[in-house]
Structures are given as structure tokens and as C-alpha cells.
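Below is one structure; the comments refer to it alone.
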Amino acid sequence: MRHRLLVAVLPVAAAAFLAVAPAGAADAGTVSVTGLRGPASVVRDADGVAHVQALTERDALFMQGWLHAEDRLFQADTLRRTASGTLAELVGASALAQDVQLRTLGLRRAAEQSLAAASPELRAGLEAYAAGINAWVGAHTLPADYARLRLSAFVPWTPVDSLAVAKLVSFQLSFDFDTDLSSAWLAYRAALGDDRLAQALFFGDIYRAAPFDPASTLPDAGAPLPWVGSAAAASPAALPATLAPLLARQLERTKRVPLLERVLARRQHQIGSNEWALSARLTADGRPLVANDPHLSLGMPSNLYDQHLKSADGLDAIGSSFPGVPWVVLGQNRRVAWGSTTTAYDVTDAYAERIVPAATASGLASVYQGRNEAVVPIPISFKVNALDPARSDALDPVPPSAEVPPYVLLVPRHGPVVQLDTAAGSAITVQWVGAGATRELDAYRLLNRAASLEDVRAALQYFDVGSQNFVVGDVDGRMAWFTSGEIPLREDLQAGTVAGAPPYLVRNGQGGNEWLKKAAPGPTDASGYETLPFAEMPQATDPPAGFFVNANNDPAGLTLDNDPLNQRRAGGGLYYLAPGFDFGARAGRITQRLQAAIAAGPVARHEMARIQADTVLVDAQVFVPLLLRAYDAARAADAPAALQALAADGRVAEAAERLRRWGFDTPTGIDTGYDAADFDGQPRAPTRREIDASVAATIHAVWRGQAIALGLDRTLAQLGLPQPGSQEAMKALRHLVEHDGIGLSGVDFFAWTGLAQPAQRRDYVLLKALQDALERLAGPAFERAFARSTNQGDWRWGKLHRISLNGVFADESIPGATPGFAPSVAGLPGLAVDGGLGTVDVANHGARAADDGAFMFSSGPNRRYVGAPGPGGIPARSILPGGVSGVLGDAAYASFLGRWLTNESYAFRVEPGQILRGATGRTLYRPQR
């Protein structure tokens, strides 16, 4: 009744509000829609972005659901089924192992609990959004993807589905089993047989908490730190050796599930983000500048979907959303711009449980403080799409087996059992702060209407899981950085000590390591746990330095001393956020660029985009001078013969001089490569400087892998110890090189060279790695790229550094899916792009890459955004790695990709005049009567 009165009283206003029409463009007419409550319009602009206008926020969200279905239905369906552990019902048995794991971890169970805890406003928004998806499905034929899978029916969308998709995103950004580090620690202890040596070698030399580059957000910004002083260093306690088989089984199981492998290796894959802000007092136009580029997996279609939501009752937000989830997640409204990066905060603990037979429904109990507690069985069942050409919608049940259990076992105190050995009476459970009710979508709902930094701070009180750093700027000229996500307070840390193993290893499930329960949860508390108070989280508002940077690096100087557990809370107890953060190259380079820009100031907006496009290798800034110093020393008459021989190698001499002239950037160096210096998505011929830099980038990248092999892996292999991942290897290599190969453990990693002096041994490792790299580049490992050429000028970086954006089906992938994006190098997959390991313009590969297929990458900027909040609004530019549409053949399928590849962007259209001038079509929607 209220809605009818609104329409009746304001017919002229409503017509005016919805009257934005395309100038000279086709009008698609009027569509009657079941479930819509009032009139709405959608204007598509020249970039494919949909501008929704409705009388109410409810109808704007309904239309958001409609548009997500129109452009990305299959993607949204895939996401909800992934989260729910029912993907095999869509794509077949290939997804069954993943379904088992996701059903065990219980993301959908957590989504159901989150719905029960949701605010009335969130429930209403979720229902409106679901109704929009279902209305589109009811009025249209399903996308061709379903027919290819022999499916003709769509399971109606529900509010829980959206919450499940949100849980999946949060899971990918915050979950950790703690099993890989625990397994490696056990291996070191077993191989060395000396706990003190094992600890010094493992934590001091190899798996270091200290970053490669010391960039740290709050110290660099000149802002106060959230901790108050040092505490006694803790020693990692011995884990039960009986855990080793369970850990090994869990690691093997993880490798068979690509989603989990990516989640658990996100630090090694460099999945993260960049964000920074610059004070209005330092900019050319007196506006603060906000920059953000989140990094997730790269595929087709893009993970994000750009759109504009506007309603007469006050909603006016534009930016990126997740298909399957309502509201704008990253973007801006009339007064506030925001973006985010992941924090890497430790919000997961794994527990070693003692399991005994018991008269319970499962027949098992866990032992806690000497008492038995029932292990609860949760029945589950699975179906798979038979993909049978003779049958449509054929979902076959899967009988229980060793790999497909009939139930999930739950230790209520901690979480699901992920590994069980009943004969040994042991199990591993995992506790994640997102495994119950959380309210992060309420946070985004409030962000869409926030009018000030204070409103943003209030909204973030609902951000429970997903571990995010938020960069914020408002039109009053202020900027801020907040971190959010509930960090549980552990009973032992809160008491000022570490009981047994630290939180980043598997902990004792029989007592002493519990998360503290909140006695009286407040209105923004959903998880029920005591968490680090928001006031003690790293944050800064208008910091003294006039800028702040976060690129998943250490936020508050916690790990710079290589110990993440020796700071004290202002409120008492140990101040602990995580065992470590990104290795710091991106943050270090962004800080370099900002400090240089400020010194040259005032800073223009376009400088932010240039920093986002930066492809300088910070590790090369560190290692190349050391390598050249070694080369110069080896040429001296009194140098050992072994070093003189390396320096006398003509290949080494040529490579050293190439590196000496290099500026550490990484252009492709080929005509068909995409570089930030190119324009409008079109590759152009490289300059001589770009070619030379490209060759140097290739030499350095292959040298890096050989330096790790000789300087680190060789000694670990001799000791029978596992190798660390890419990030740890980079940190360890710098640490060892700067200490002439002799670590904190006293182990001499360069002793195998046989030279007398430590510095000489170091130089030999650096130069021998260069010689080995050059020999490898001219050999069979790089034959497809360089045809065994010994001419170093042929070794162009773009022939190695490539990306493919893959869809669910092969013919939806790029290169291949659409004209204009042919493979850059004949006989090799992918598009050649600039960038490299640790560059600001993220394009990472493994640090040990050593052949022509190993430098490809699959994650990077899912969005590049620069906004300038100030009087009159927030002019902004953004770009996605693909297009708005997920429908193969649609003009917007890859419409952004060329510009994304060459680091260009499009301008947000927010004012009616801007939308009108850029419009290509409009559709009016009205309720079905």
C-alpha cells in the first residue's frame, strides 16, 4: 500500500528520475517483469556498463539480480554450487572431490547460519536480488552453457545462495589449514634431530616471518602503532610425530582439489591486492587520491561485474559487484570511495584431536581436558551430472565410499574433522571464524550509503570474515585506512604466553589453545568469539606522511624483527595478527614511487595509474648490484681461479653488462606483446631500450631460479629437508646472500663451493647461477621460445611471460574465444604481457621458473581503480580484465580486455549528462500486472 501511494503521489518526480535516455541510440522499449514493484530503467553505456535507476533500493537490487542473470547467470550458478559443494551436479564427476571437501568445510552451513543472523534490511535486499535472478530465468532461455551440460532446468536462486557466494569469496581470502607449515616443521625436526638447530634453521633461515622488503603500512605513514611493546619470544613446541601421516594425507588431498590448492597457496601465488591513498595537501587539484587493484584469479568472465545502482530513496553507488551477490562491493557513492586488499590475518586454527570410541551417534568422541565430547555426524549425499547425450537433466546419486563419505564428522568445539585415524585415535579439525554466522554483507550494504569516514568505520563493525584492508576517501578531503575482520583471541595468547604450538601450526585440541567465547555479544557480534577490538586493529586517518600503502604487506611493523609473536597488546596479552605477510616487493615499490612523486609534487591523478602500471622488479634492485659486484671482484687478478673462470666466460661477461645497463623494468620486447607503454589495447613495436630491458628481465628471471637452486635448495636437499615455496625462498635467499650463506642456524649454505672465504663463496654462487641460467636459456628447456639461440638478444621477456584467461569451456578462453586476441608467440599459449615476480602491476610466476612454460601466470588485477573524492563528487576511472558480459559472442564479452592489457581505463559515468552522452541503449521495466 505504501508503495502504491508513493507512485501515486510522485508520478512526475518518478518520470523525471527515470528519464535518462540515450541520445540518438536505440530504445529497447518497455518490458513487463513479474516481481518488480515499481518502474525502473537500465541504460547501457558505451563500455557495456548498466546504469540502474529505480524508485526504491529494493527494486534497484531486483534489477541488479536481473542484470547479473542476463550477463553472468552461469558464472553465478557455478559460484553458488562451488560454495555449496554441489558443483558436480552442474559440471559432472570431475568436481566431486572438490564437492566433498567444500561440503566437509561447510560453507553453505555457515551461509544458512548467517541468514539467521542477518538484519531485516539485509534479508530484504537478498530476497529482492534473488527475485530478480529468478524473474530473468523465468522469462528467458537458459544460456548455452547449460545445454552443453545436458541441463534444461535452473534451481531457483535463494538468499542463502548469495550468502554462500560471499562465504566462498571470504574463504578464498582468509582460510588456511596450517597443515603445510606444520608438515614442513615436523620434517625439519625429524631430519635434524636437534630442536634448537631445527628452530633456528626453520624459522630463522628458511621460513622467515620478516619480509623481503621492509615496507610496513603504519610505520611508513608515520602513524601510531597498535601495539605497545615487546614480549618474550616464544619457542615453537614439538608437534606429535604421529601427526605426520595425517598431515601428509591432507596435503595430498588438497593437491587434488584445485580450489583448495589455490586458497592454501595464495601467498605463494601472490594472490593479494594493492591500495594506497595520497593526502589532498599533496595533490595537484587538492583532492585526496585513492587507488586500488585487487588481485584474484584471472579467467573469463571476470570475477567482478561493474554497474551503477541508483534509487530515489537514496542509493547511488557505482563500481564492482560479485555475480551472485547484491550491492556494490568495491566502488564509490556520492560521498565516499573505497577499495580493499587482503590482510592475511590468521583467523583459522587447526587442532590435533584425541579421538576415542563412545556411545554417541557417530560412535566417536573427542577428548577435551580429560572429558569425552561427542563427535557429531552430519549426513551428506552427492549427485553428479551424468553428461549423458541420451538423457537431459540426468543427476545420478553417488554411493558412499572411502572418498565420498555419507556424513561429515564435527567436533563442535572446533569444527569439521578433515583427517581421521581411528586406529591411532587421532584426528585433525579446523576452526575458521567464517564457519558460523557472519555479517559482512551488512557491511557492504552500509558502505553503499556511507556519507563519511565515520559511516565507513561504523559499517566495518559488521565485517566479520574476509580479512580486508579498506582504503577510503571522502568528498570532505579526508582519507583513511582501516583493517577489518574478526581476529579471535586465543586463551593462551591472551594470558601472555604460547601454550604448545603457536597458532600458525596445528594446535593441541585437548585444552589450552581455545578461542575465547564472548560472554555478552553486542549488536555487531555474530561469531560469538572474543576478538581483537576494532580500536586495536591497524588503521590510520590522514597520517602525518600524507600517504599510506598496503599491498598485503606487514601492516604495523610486527614481523620486521622476524618474530610475529613478541608484541604486547595495549589491552593485555600478546598482539598477534599473522605468522607473516606478503614478501613486500609491491609495497616497497609503491612506497618508492609515492615518495618520489611527493618530492617532485604536487601529484597529479594520472601518476596513480602510472604507479599501478609499474613493472620494476624490487628483487632485481637488491640482487643485481650484488651480482655485478661479484662479477667485478671476480675479474681482479687476485681473485680465486674458480671465480676468474666464471668472469672470463664471454656469455657471463655479456650478460653482466646487459644487467649493468638495465633499469629493472620488464617490457615484453616483442611486437605482439602488451605493455603499459602501448595505447588503446594495441601492441606496438618495441623500442631499442625496451628490447634491451626485456632481455635483461629474462636473464634475471632465470638467474633467480638458478640462484635459489644453488644458494638454498642444494643444501636443503643434502640435509633431506623440504623446499620452501616461492615467497619463503625469496626471503631466505636475500637473508643468506646478505650473510654470505651462513644463516642464524650456523649452517653454511654456500660451503659446497669449496672456496676459502665466505664472501668468495657467495660470489661464486651468484656467478655460477648466472652461468647456469645462460646455458639453460640456450638449451632445450627454452627451445619453444628461443629455438636454442645463443644470441642473448633473442631472449625477449614477452616470449616467456604470458597469460591465458580460461573459461569453464575451452572455447570461452582467451586467446581463442573472440577475435582480436591471437596468441602472442607462435607455438606457445597465451598473451605476452609485461611485469614479473613482485611487480606492482601483478603478473607473478614461480620464483624457481626454469623453462618456457613456467613463467605464465593466472592471477592479477581484477580491477584497477583511481578515484579523486572532493567538492562536487568523485571523478574516477576503472577497468576489468575482460568485459561486463559472460555470454560468449556478446560485444561486451572482452570489451575491456585490450585496455586492461595496456593499463588503460574507462571513466565512471555518474551524472545524468555523462550517462546520456555515453548511452548506447535504454530499457524501461515495469511491474507485471
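From a predicted model like this one, the values you see are computed outputs, not experimental measurements. Computed over heavy atoms, backbone and side chain alike; hydrogens, waters and symmetry mates excluded.
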Please round to the nearest 0.5 Å and tell me the distance separating atom [atom1] of [X] and atom [atom2] of [Y].
X	Y	atom1	atom2	value
Leu837	His801	CG	NE2	8.5 Å
Arg796	Asp692	CZ	CG	8.5 Å
Thr254	Leu260	OG1	CG	5.5 Å
Ile699	Leu659	CD1	CG	5.5 Å
Lys799	Thr672	NZ	OG1	8.5 Å
Leu880	Ser905	CG	OG	11.0 Å

Would you check if the side chain of [X] reaches a backbone N or O of [Y] as a donor-acceptor pair within less than 3.5 Å?
X	Y	value
Asn292	Glu275	no
Gln75	Ser302	yes
Ser804	Asn806	no
Glu690	Thr687	yes
Asp680	Gln682	no
Asn844	Gly838	yes

### Task
Under the salt bridge (charged side-chain N to carboxylate O under 4.0 Å, His left out) rule, what do Asp614 and Arg593 come out as? Steps first, then yes or no, please.
CA-CA 9 Å; Asp614 190 274; Arg593 290 289 304 263; 2.6 Å; yes
[X] bridged to [Y] by N-O distance under 4.0 Å:
X	Y	value
Lys255	Glu261	no
Arg848	Asp713	yes
Arg899	Asp47	yes
Arg81	Asp77	yes
Asp772	Arg776	no
Glu70	Arg44	yes

### Message
Check the orientation of Trp662 and Phe664. Use parallel for under 30°, tilted for 30 to 60°, and perpendicular for over 60°.
### Response
perpendicular
### Task
Report the C-alpha distance between Leu142 and Phe74 in whole Å, list the side-chain angles of each, state the deciding distance to 0.1 Å, and finish with yes or no for side chain to side chain contact (heavy atoms under 4.5 Å, CB included).
CA-CA 9 Å; Leu142 290 175; Phe74 186 71; over 6 Å; no
### Query
Applying the side chain to side chain donor-acceptor pair (under 3.5 Å) test to Thr668, which of Asp834, Asp675, Asp678 qualifies?
Asp675
[X] side chain to [Y] side chain, donor-acceptor N/O pair below 3.5 angstrom:
X	Y	answer
Glu728	Gln723	no
His700	Asp619	yes
Asp665	Thr615	no
Asp582	Asn553	no
Ser321	His68	yes

### Query
With ring centroids as reference points, do Phe623 and Trp703 lie under 6.0 angstrom apart?
yes
Would you call [X] and [Y] a side-chain contact if the rule is heavy atoms closer than 4.5 Å?
X	Y	value
Ile879	Arg863	no
Met608	Leu594	yes
Arg661	Glu657	yes
Tyr865	Arg877	no
Thr839	Arg586	no
Thr591	Trp276	no
Val833	Arg802	no
His295	Asn274	yes

Indicate the atoms forming the closest heavy-atom contact of [X] with [Y], along with that distance.
X	Y	result
Ala707	Leu733	O-CD1, 3.8 Å
Ser273	Asn552	N-OD1, 2.7 Å
Leu800	Ala785	CD2-CB, 3.8 Å
Leu831	Ser824	CA-OG, 3.4 Å
Ala585	Val618	O-CG2, 3.4 Å
Gly711	Leu736	O-CD1, 3.9 Å

### Task
Using the six-membered ring of Tyr305, assess whether NZ or CZ of Arg72 lies under 6.0 Å from its centre and within 45 degrees of the ring axis.
no
### Task
Begin with the C-alpha distance, continue with both residues' side-chain angles, and end with the deciding distance and a verdict on salt bridge (charged side-chain N to carboxylate O under 4.0 Å, His left out) for Arg864 and Asp293.
CA-CA 5 Å; Arg864 297 191 188 100; Asp293 52 292; 5.6 Å; no
### Message
Counting only heavy atoms not in Arg148 (residues, nucleotides, ligands), do more than 12 fall under 6.0 Å from its CZ?
### Response
yes
### Task
Evaluate the side chain to side chain contact (heavy atoms under 4.5 Å, CB included) criterion for residues Val808 and Asp145: first the C-alpha distance (whole Å), next the side-chain angles of each, then the deciding distance (0.1 Å), finally the verdict.
CA-CA 9 Å; Val808 172; Asp145 307 85; 5.9 Å; no
### Message
Using side chain to side chain contact (heavy atoms under 4.5 Å, CB included), reason through Trp795 and Leu774 one step at a time and then give a plain yes or no.
### Response
CA-CA 10 Å; Trp795 299 344; Leu774 300 176; 3.6 Å; yes
### Query
Can His845 and Phe855 be said to form a ring pair (Phe, Tyr, Trp, His ring centres under 6.0 Å), step by step?
CA-CA 5 Å; His845 53 82; Phe855 293 88; 4.9 Å; yes
### Task
Could you give me the CA-CA distance, side-chain angles and deciding distance for Tyr631 and Val652, then say whether side chain to side chain contact (heavy atoms under 4.5 Å, CB included) is met?
CA-CA 9 Å; Tyr631 171 70; Val652 171; 4.2 Å; yes
### Task
Report the C-alpha distance between Asn903 and Asp841 in whole Å, list the side-chain angles of each, state the deciding distance to 0.1 Å, and finish with yes or no for side-chain hydrogen bond (donor to acceptor under 3.5 Å, both in side chains).
CA-CA 9 Å; Asn903 290 81; Asp841 189 11; 3.3 Å; yes
### Message
Working note: Arg684 + Asp671, criterion salt bridge (charged side-chain N to carboxylate O under 4.0 Å, His left out); need CA distance, chi angles, decisive distance, verdict.
### Response
CA-CA 6 Å; Arg684 62 168 176 76; Asp671 293 355; over 6 Å; no
### Task
Take Gln621 and Gln592, measure what side-chain hydrogen bond (donor to acceptor under 3.5 Å, both in side chains) needs, and give me the verdict at the end.
CA-CA 12 Å; Gln621 292 179 331; Gln592 289 177 13; 3.0 Å; yes
